Structure formats: C-alpha cells, structure tokens
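Working notes, structure below.
None of the values given here were measured: they were computed from a predicted structure. Chain naming here is simple, since letters A, B, ... match the order of the sequence lines and numbering starts at 1 in each.
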Amino acid sequence: MTTATVTDWRRLSVRMLVIHPIQEVVRAAPALLGLLVAGSSSGGHGPLWSLVGVAVTVLLGTMRWFTTTYRITPEHVQVRKGLLHRKVLTVPLDRVRTVDVTSNILHRVLGLARVEVGTGRSDRKGGGELKLDALAAAEAAHLRVELLHRENRTAAPAEGTAVDPATGAPAAPVAVPWQAGVETELAALRPGWIRFGPFTLSGLITVGIIAGFVSRLASEGNVNLGQITPVKSTLGWFGSLSLPLEIATAVVVLTVFVAIASTLGYVLAFWGFRLTRHSSGTLHVNRGLITTRATTIEERRLRGLEFSEPLLLRAVRGARLIAVTTGLRVGQGAQRGGSMLLPPAPRREAESVAVRVLGGDAVTVSGPLTPHGPAARRRRFTRALGVVVSWTVVCLALWEWSDLPAWTWVAGLALLPVTALIAADRYRSLGHALVAGHLITRWGSLVRRRVALEYDGIIGWNIERSFFQRRAGLVTLTATTAAGRQGYRVQDVTLAEAIRLASAGSPGLLDPFVSEGTPRPEPHVSGGPPDLARPVVSG
Amino acid sequence: METTTLRPPQHRVSPIARWYWAAHAAVGWLILVAVQVVWLIADGDDIPLRVAGLVATVVLATAHVVVMPVWRYRVHRWEATPEAVYTQSGWFKQEWRIAPVSRIQTVDSARGPLEQLFRLANVTVTTASAAGPVRISGLDRETAQRLVDELTAKAQATAGDAT
C-alpha cells in the first residue's frame, strides 16, 4: 500500500446511482404527498412542476457519477467534477486536516459512505472542501487511511512542511503500512449519559422541522388542518381554557415534546460514540445510530479544547467537549459537529477525557481561574441592566405620551431581576489562567465556555477597549488563532494583566512595545493629551 | 503592576488622512440628509417633526465630521519591526493589534475611490486567523508601497504554513 505511486482516476461507487433518486424523492416528499392528497381534481400546474423539478434533479444527480472522478498523487488529492463547467479541485496532502465519513440509512443499506475532506482553507467560501458522495464503505475507510495515515510525519515539524510543492517539494514520503499503528480508546458512550439528552434542547429544531413539514404538506395538498376532527376538537378544548391555563398547557406540552425529541436526537446522533487515538497521530470520533459518522482529526493540528456548557446542561452538571483545531471552524456549515470530541456527558467525565486528549495534567482542564475583579463585575451589571432599564424608560415614556400598550414596560420591569441574575452569572463565569503552555479563558452564561488554547496556536494579539472600558480601566484581550473560533477573548481585564498574558503566550513578541512607565491614572494611548476619553475638540 | 502599559507605535499615519476620514463620514451623512430632505419635500404631514429630525441629523453629522477625524488621527499609529507589525487604531473604541511577521500570510494594499482622491492607501496584513487582520488606513501611497514591499519580503523569508 504505497501512496507514493500515482493512482488512476477513480470513480464514485455505481451504487450511488440508486441512492441519488431516492434521496431526491425523499426531499421532495411533502410536495409529492401533497400531490397525492390533492389528486388531479384540484387542477393547477404547481404539483406538476414539482414533479418536473424532481425529475431534473434526479437526472443531474445521476450525471454526477459520469462526471466525478478523483485520485491521490504523492502530493495532492484531486477531484474532477462538473458537466458543463469542468473543475479540478487540487488540495496538497499536507493541507488535509480532517476526514469526515458519513453514511445515512440509505448509504448503509447499500454499503456506501460519503467522504468529506477538510482543508485548512477555513477562510475561503466553499472552494476548498472536497466531497465525494458516495464511495463504497471499504473504499471510504481506505481513503481515510491514505489521506491521514499516509506517512510517518515525514515532513518533520509542523512549521517545516513545505507550503508550495513547486518550490522544492518534500521527498516522497516513506510509506508506512498503517496497520502498524495501534488504536487506543479514550472514551465511549455509556447508556447513563442519555439522561443529558433532554437538556440539550436539540429537540427544538426537530419541533421546528416537523412544524415546517406539516405546514408545507398542508399548503401543497390544500388541506385545511382546522377541518380535521381531532385537531378541531383539541383546538376547541384549548380555546375554552383561561389564559393562564392556556399558557401553562402550551408550556407543558412544548416542554414534554422538546424533551422527548431531544432525547431521541441524542440517541440518534451519539449512539455508539467512541473516541479513539491512533498511534500515527490522529483522533477518531465514531458515532450515530442510523446515520453513522466517523470523523478523523489530525492531532498535530489540535490547538486546544473547549468545554461548552449550555445553561440547562450546566444545571445538571453536564458538559460537551469540542476540539479547537486548525482548519476546522466551529459550527460552520457541513463541518458542523465535526469538531465534537464528546457529546453531552457528566462534567467530570468530560474533564478526564480532556486530560487524556491533551496529555497534560488536570490543572489545564479544571484548575482554578483568576477572577476579573470588581470593575469587570460592575461592567457586567451596567451593561445588562442598562439595556433593560433604558428599554423600560422608553416604553414608559411612549406609553405615557403615545398609545404604546402598558405590557411593554411591565415586561421590562419583570425582566430586571432575570437580567441581574444573568449579569451575576456572567461575572462568575469570567476567568483566565496560564497553565502548562495553555491560555485558559472562560466566559458566558447562557452557554458557558472554557477554552484551553495552546501558546503555539496563537497567531497574534488584539487588545481592544471601548470608551466605557477605558473609563473602567479595562481591556478585552483577543488571542487570534487559525483554529476553532479564530479568536478567543479574555474579557474585561486590566491592561497590565492583558500584557502579562500576551507576553507569556508569545514570549518576546510584546517586549519592544511594553513600557514600564510612571504610574498614570489610565494608560496613555497617543501623542495627544493622556486622557482621550475627553478630548479637546476642534483644536 | 498598574504601570505596565503599551507604548504607542512609532509612526503616525499621513496628516491628510484626517481630510479623508472627514470626507468619508460626510458622504455617508449627506446621503442620510438627502433622504430626509426628499421626504420633507415629498408630502406635507408633521413638518415640525421632520425639520427637527433634519436639524438633529445635521448637528450630529457636523459633530461627527469635526470630532472623529481629529480624534482618530491622534489614535492611529503603526509600526513594523523585523519581528512584528503593531498598530493602534479606532477612536471611540480603540484597539491595539500585534501580529508576528512569521505568521503573516498576505499583505494587501488597496485604494478606494475616495482614498485615490486624497492620494492615500491602506495596507491589510492577514494571518491564518480570520479574527486577526491588521489594517493600517490613511497611509500616503509611497509609505504604503514601501511597507508592503518590506513586509512581503520578510514574510517570504519565513517558512511554514503560518498556522
């Protein structure tokens, strides 16, 4: 199995010709069902056009098999595609950071898989992604090995990999059979974790999708939902309730529904979850009950980890773990979920997995953080309350002098205690530390995140302060990086602390620009008067 | 500890930048004023309210166009050392950005129509992070060109994919 030889152009699996029409038909199902319900009696050409549309997409889809080919050369992976507009996508092998192999139910029945190759081009739209839909499952697995376990990291250190193969490409990698590697398990799903399902709220999306499906079905099929007897009687019963009861019923029904849908969603997405490390330097995540997904992340691109704790999940002591990886942006389109390392699980479990992934000691993931101080706390409160108070005052004024309904300012008042609580929690979340070569920062309330970012992964520093921050003597420090969210902020710290963090993260970088000046009430920013907060204008 | 601070970068931008910023802001405000004037002429309800709105806009616009460029000119500074690019920008909200030369990916210089009018250019230094472009606006053309050449040469000298 030497990848050093140029392979021939390979095609997608023939079985994909079966899948594609079915997928298109499923996607168009609401329209087709509507057609069925309405029959031809209702007349009109709308449903007919939907049918034509389906036929055309099916035809174009099948053409894809004839037009798409791919191959792997010693330096590149190339995909040729397009019918009228022929395209060749070429990605240098050392730019391949992740490989995502997904099979939905149809794929699995036919033994196929969809392969998506993640490259470092997170800044370009679309262009850089390679997608092959679909390959035979074995071939997909093989391709993954070829792409990520291709060599024993011949190109030496991460910094040393050749950027441009035209200017002295690295010598053809010495192919090492990947079977030589060992796979160790870092984490696997325990059935008990499913209890976190209801707290993920992923079911809200499901409810939305079902609602959309029903409404589309109703409109395409010209069905008046209010005329169906069970619906009608339920609506009638609901209408007879008093307003508070109505609200309570709606809330209870929605809660139960979302909880069930979320739990189902959890099982569907994370069943069989397994996180493993391959000795050739990759992390694998396998998961999914019906649609299976296998993601491979190159470990030398791993720059850190993120704990994410949405409020509800935090209330039950759960947390998710997300990889901070170069070339894998968090929550971006098709890569969505690709950076997940651990589904919602007990926080303690997440911490021990993080330790196993980072290979450091527990301080990095659970050590104490430096709080940001009273000024930062004041700022949390003034920001949160300021918005609500001004909203209330404006509404009150409009209610007094105009005819704005009274509930607007009442709602504003009612929100005050809630905002105060959120502000307090937001302050409690704020914290930072420098531990074992990592910058740790934590922020947020509705979703609290704690990120450990490797110094090596930090590209630059931004220090920002608004007019109000300047008055409070605070700044916001951003460590920019090519990984994950691209920039991680340490909110509302003193300038001196920000400089300390940045100097530790990038030794020597800031030194020429730092001055240990004489004490000033606030940092001096320009050649003008020291206090730019109150400039002498028109000078 | 409180005494540790960042010194401002060495170079100011071109003094002409003040006029460019003023013109840039004025164009935006003029569009708003034009819309309001058209609305004022168009049909005749609530004239006092609209006149008040127009006056408020003009007052705000004048304050912005007069204050902002002066303030911004005091803040905007830049410096390029062999190791790093360091900028200070903003006015109401201010920002320092530091990017190591070894992590530079591209160095772009651009001139918008208004900038051409004032014979200015801006320089954008991008790194592999989408959060970290370092932008210096309001440079005179020669300085911008020199800076681009200098940084490009330095960036090429460093190996790696700068992530």
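Ring orientation note: the planes of F92(B) and F467(A) are close to parallel, at an angle under 30° on the 30°/60° scale.
Note: T4(B) OG1 to L510(A) CG = 11.5 Å, rounded to the nearest 0.5 Å. Rounding to the nearest 0.5 angstrom, the gap separating the CZ atom in F513(A) from the CD atom in Q88(B) is 12.0 Å. The line from CZ of R103(B) to OG of S506(A) is 8.0 Å long, rounded to the nearest 0.5 Å. One distance of note links CG of L6(B) with CD1 of I463(A); it measures 4.5 Å at 0.5 Å rounding. To the nearest 0.5 Å, atom CG of residue L509(A) and atom OG1 of residue T81(B) are 8.0 Å apart. From W96(B), atom CH2 reaches atom CZ of R465(A) across 3.5 Å, with rounding to the nearest 0.5 Å.
Of all heavy-atom pairs spanning R97(B) and N462(A), the tightest one is CG-OD1, 3.2 Å. When all heavy atoms are compared, the tightest approach of G460(A) to P100(B) is CA-CD, 4.1 Å.
Other residues, nucleotides and ligands contribute only 12 or fewer heavy atoms inside 6.0 Å of the CZ atom of R135(B). Around atom NE2 of H24(B), no more than 12 heavy atoms belonging to other residues, nucleotides or ligands sit under 6.0 Å away. Annotation for W19(B): atom CH2 does not count as buried by contact number, only 12 or fewer foreign heavy atoms lying within 6.0 Å. For F468(A), the CZ atom sits in a loose shell: 12 or fewer heavy atoms of surrounding residues, nucleotides or ligands are nearer than 6.0 Å.
Within the 3.5 Å criterion, the main-chain N or O of P512(A) finds a donor-acceptor partner in the side chain of R7(B). No donor-acceptor pair under 3.5 Å is formed between the side chain of Q486(A) and the backbone N or O of A131(B). At least one donor-acceptor pair closer than 3.5 Å links the side chain of S129(B) to the backbone N or O of T481(A).
With a 4.5 Å cut-off on side-chain heavy atoms, R470(A) and Q94(B) count as touching.
Residue E79(B) touches chain A through its side chain alone, counting heavy-atom pairs closer than 4.5 Å. At a 4.5 Å heavy-atom cutoff, S89(B) makes no contact with chain A through either its backbone or its side chain.
Between chain A and the residues W91(B), Y86(B), Y73(B), the most heavy-atom pairs under 4.5 angstrom are made by Y86(B).
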